[in-house]
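The chains referred to below are lettered A, B, ... by the order of the sequence lines, with proteins before strands, and numbering in each begins at 1.
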Amino acid sequence: MSLPLPVEPLRCRHPDCTLPEGGRCARADEFPDPLASCPELVRNDEPSTTPAPVARSAAPTPTEDAAPWKGRHLDLLEADQLLQRSPARVIAVLGAYDAGKTCLLASFFLQIASGQRGPFPYRFASSRTLYGFQALVDRANQWSGKEGEDIVGHTPKEQSEHPGQFLHLGVRPSKASDDRHLDILLSDVPGEWFTEWTSRTDAEARRRLGFIERSDGFVVVVDAAALLGASGGKVDSNAGLLLRRLASELRPRRTPRALALVFSKFDRILDRVTPPSIENGLQRDAWGLLGKRAARIWSAIEQAREVGLNVMPFAVSAFPRPLGAGQPVGVMVPFAHIMATADHRDRWPRLSPSVPEGATCFAALRRWEAAP
Amino acid sequence: MPDTSEDKQDRLSRIWTDWGLRVDTPTGDALQVALGAADSWLQKGSSDPEIVIRAVQVLLVDPERPDAHKRNCWGSLRKAIRGAWGNAMTAPDHVLLGQSLVLAAWPQEIQGRWFDLARLLDSAWDVLAGRDRQQNEMTRWREENQVRLMRDVGKRLRVQQSLQVTPNVSVDIAPVTSALVQFEQNQTTNRFDNAAPYLLAVFVALKDTLSTLSNALQSMSGDMSTVIKRTQEDSDRIRVAMCGVEGELNLLWWGQARYCETLRKPFRRIEHPEDVVWWAACEAADRARDIDVEPAAAYLVETLHDLGQDIFEKRPLLRWMEELHASLKRAAQLAPALSDRLERYAREDALGLPVTWVRLRAAQNESLEGAVEKVALDLNAEIDRGQWASWIFRERLLDLYLVGDS
């Protein structure tokens with residue numbers, strides 16, 4: 001006698017729901033008995049006729065799902081749903097394969113989560129992708145410090161319809177009088193996508209990076225060590241191309257956007273280049289040998305500034321040493337630069353609609369102008 | 001131009017393309033139902049002022065402020081949407097999406113006078129900061145409201161061209177005469193033999209003539225009723241215009257006299273300058289019920305300037321609120337009471353209504369503790385005395401409109 005096939009487990013489409021794992025229904029206030037009425041829950045009461053997969057390498061394990069949050073990277077749909085709550089600041093982290101984008105994100109998370117926010121005027125408040133961050137940090141924690149060994153895993157090129165693209169951070173301004181909760185979405189996509197995006201303009205590449213136009217700030221990561229290496233010309237050319245492509249893609253906006261040009265892995269070239277002060281950051285000469293090798297990058301910077309991007313280069317070492325042996329350098333500054341523009345708090349201008357022609361003297365009386 | 005659901009969907013698409021993340025703007029069933037529900041909710045605003053006030057408050061809510069989704073104004077909209085379809089909104093805290101729905105569904109043509117109330121909450125926008133992502137669409141909405149109101153004021157004074165009524169009652173009686181002549185001839189020649197057909201011909205001619213006459217009279221009566229209706233409309237317009245002119249004259253004379261009727265002394269003799277602002281704004285509002293708000297508010301500020309007040313002196317909003325609280329305590333029984341309606345609205349949610357909230361607290365002899373949460377605006381934002389006077393003026397006017405209606 002064969003055993004009955006197992007009942008299909010509960011599944012919920014809501015990103016915040018943990019009911020299937022024994023947690024709480026995300027819509028519990030709407031549906032007191034979610035098992036009976038919540039429309040997000042799906043369960044086939046009929047026994048499954050398809051055998052369960054033996055191994056699910058790409059899918060999360062049940063242990064991973066047990067956390068009371070989404071955990072992993074958010075895909076475009078989930079990120080859009082998050083935006084229905086508040087106008088999240090979207091920061092696009094761009095750069096070629098192995099430029100150090102994921103390392104920068106992991107290091108940024110470690111710094112803000114441990115309260116070492118430096119010049120970044122926000123403190124950690126929440127995250128819907130804690131597991132995603134945790135996975136990055138765990139890997140970085142195992143790094144022995146040997147050159148050539150990956151600090152974090154390379155971001156995989158997922159082929160699914162909705163690949164995870166965003167890490168989420170909730171932050172609160174450090175100013176006591178400002179009690180807002182800001183959502184920040186950090187893009188974490190493979191470098192190959194940007195290469196495809198810059199080299200050809202097919203619909204698929206555009207679709208995958210459709211969030212770029214909506215982004216409130218950009219971090220363009222360039223491997224400083226590679227720039228000074230044997231293939232430095234190619235690195236310079238590719239980074240310049242990426243910057244130019246970005247500048248040409250963006251439509252003009254009323255409010256400016258910031259771009260932080262991050263020279264990553266700077267600890268490896270400190271013996272040859274001394275990073276300039278922030279004030280002199282835009283002067284190519286101030287970067288010495290690095291400036292000389294980055295002719296195309298600097299030319300592209302000019303183009304980016306012409307389209308209204310507030311560009312500033314930064315020297316960053318996300319993991320100069322293994323985690324227990326040293327601190328990252330300059331990781332928070334690029335993000336502070338971006339947030340200064342993405343979260344600037346200017347007062348709204350007063351309205352000044354035109355008074356209709358032929359209006360009486362009384363009707364024409366207005367006080368539109370602001371106080372001097 | 002009449003509103004169509006397609007226009008509203010287009011507006012929602014435009015807004016969400018800018019605010020959202022997906023390049024292919026969501027137009028799923030749930031969102032369409034949500035838009036429809038927001039639209040129905042707003043339509044009720046033509047007869048219910050609370051809907052209009054709550055809708056403006058929904059727009060004023062900063063979605064990044066803590067507990068933004070717990071405010072009463074948001075609760076009203078969400079309840080309406082959930083009533084239409086529980087799944088229409090995916091989570092109770094989707095305030096940003098709710099704001100886009102209100103903007104998209106806001107009626108483009110005047111639908112009842114209560115929608116004019118939106119302009120009376122306009123002061124709150126003076127202290128908004130940041131929210132860059134939303135600024136374009138919300139500014140567009142505010143400008144459209146202002147322009148529409150100016151256009152509406154222009155319309156009120158326009159008297160329609162009178163309808164010309166030309167009596168057109170020409171009835172041809174020749175067929176009757178002819179039938180009678182034939183009847184008489186038949187009578188003369190044939191006496192009463194074979195008279196019936198001739199008599200019948202007379203009756204038929206008479207019936208046709210009477211029918212023509214009846215139609216002509218009916219047509220004239222239709223024209224007359226149109227004329228009467230239009231005359232009534234014109235008369236209403238003239239009455240409204242005259243009320244406006246009378247209101248403008250009263251306000252202008254009040255500004256010239258600079259005499260506080262409530263305290264029975266000239267404004268210049270009032271000891272505390274903040275009391276002058278309160279009483280002047282109050283009395284100006286009393287005279288501005290039938291006139292355009294913006295010029296009246298500007299005139300109030302100019303009058304304060306003439307009274308020697310520094311209209312450009314800037315202070316944080318909270319400081320102005322404290323000054324008003326003190327003025328109201330000094331005014332004691334003389335201060336006008338809040339209308340029951342506005343009091344209820346402010347108790348449930350005082351977002352963007354600092355003046356009303358201070359009046360409520362002063363009436364109950366309570367302090368301003370909790371102002372940050374209740375008013376939910378940036379109370380550290382500095383505004384000048386002129387802006388604050390206009391703010392008091394607008395909220396007092398809001399109160400008067402609601403009293404007048406109840």
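For chain A, the option among B:Ile383, B:Leu96, B:Asp18 with the highest count of heavy-atom pairs below 4.5 Å is B:Leu96. Interface check for chain A: of the options B:Asp126, B:Leu379, B:Asp378, B:Thr139, the most heavy-atom pairs under 4.5 Å are formed by B:Asp126. Chain A forms the most heavy-atom pairs under 4.5 Å with one residue out of B:Ser390, B:Pro295, B:Ala298, and that residue is B:Pro295. Chosen from B:Glu313, B:Gln135, B:Gln99, B:Gln134, the residue pairing most often with chain A at heavy-atom distances under 4.5 Å is B:Gln135.
For a residue to count as touching a neighbouring chain, one of its non-hydrogen atoms must lie under 4.5 Å from one of that chain's; by this rule B:Asn380 touches chain A with the side chain only. For B:Ala381, the parts sitting under 4.5 Å from any heavy atom of chain A are the backbone and the side chain alike. Proximity to chain B (any heavy atom under 4.5 Å) is restricted, for A:Asp346, to the backbone atoms N, CA, C and O. Residue B:Arg142 touches chain A through both its backbone and its side chain, counting heavy-atom pairs closer than 4.5 Å. Heavy-atom distances place both the backbone and the side chain of B:Ala296 under 4.5 Å from chain A.
Summarising the geometry, atom CG belonging to A:Asp80 is positioned 6.5 Å from atom CH2 belonging to B:Trp16; distances are rounded to the nearest 0.5 Å. Remark: B:Leu252 CG to A:Cys361 SG distance equals 10.0 Å, nearest 0.5 Å. To the nearest 0.5 angstrom, A:Arg345 atom CZ is 9.0 Å from B:Asp132 atom CG. Note: B:His69 NE2 to A:Ser86 OG = 11.5 Å, rounded to the nearest 0.5 Å. Between the CZ atom in A:Arg214 and the CH2 atom in B:Trp19 there is a gap of 11.0 Å [rounded to 0.5 Å]. To the nearest 0.5 Å, the span separating CD on B:Gln387 from CZ on A:Arg350 amounts to 4.0 Å.
Residue B:Glu64 is tested with A:Arg85, A:Arg180, A:Arg172 for a salt bridge (Lys or Arg N to Asp or Glu O under 4.0 Å); the sole match is A:Arg180.
Surrounding NE2 of A:His344 are more than 12 heavy atoms belonging to other residues, nucleotides or ligands, all under 6.0 Å away.
Ionic pairing of A:Asp343 and B:Arg131 is not present here: no N-O contact between side-chain nitrogen and carboxylate oxygen is shorter than 4.0 angstrom.
A:Trp348 contributes a side-chain N or O that, together with a main-chain N or O of B:Gly130, makes up a donor-acceptor pair within less than 3.5 Å.
Looking only at side-chain heavy atoms (C-beta outward), A:Gln81 and B:His94 come within less than 4.5 Å of each other. Residues B:Ile291 and A:Phe362 have side chains in contact (heavy-atom distance under 4.5 Å, counting atoms from C-beta outward). The shortest side-chain heavy-atom distance between A:Arg347 and B:Leu128 does not fall under the 4.5 Å cut-off.
Closest approach of A:Arg367 to B:Ile311, counting heavy atoms only: NH2-O, 3.8 Å.
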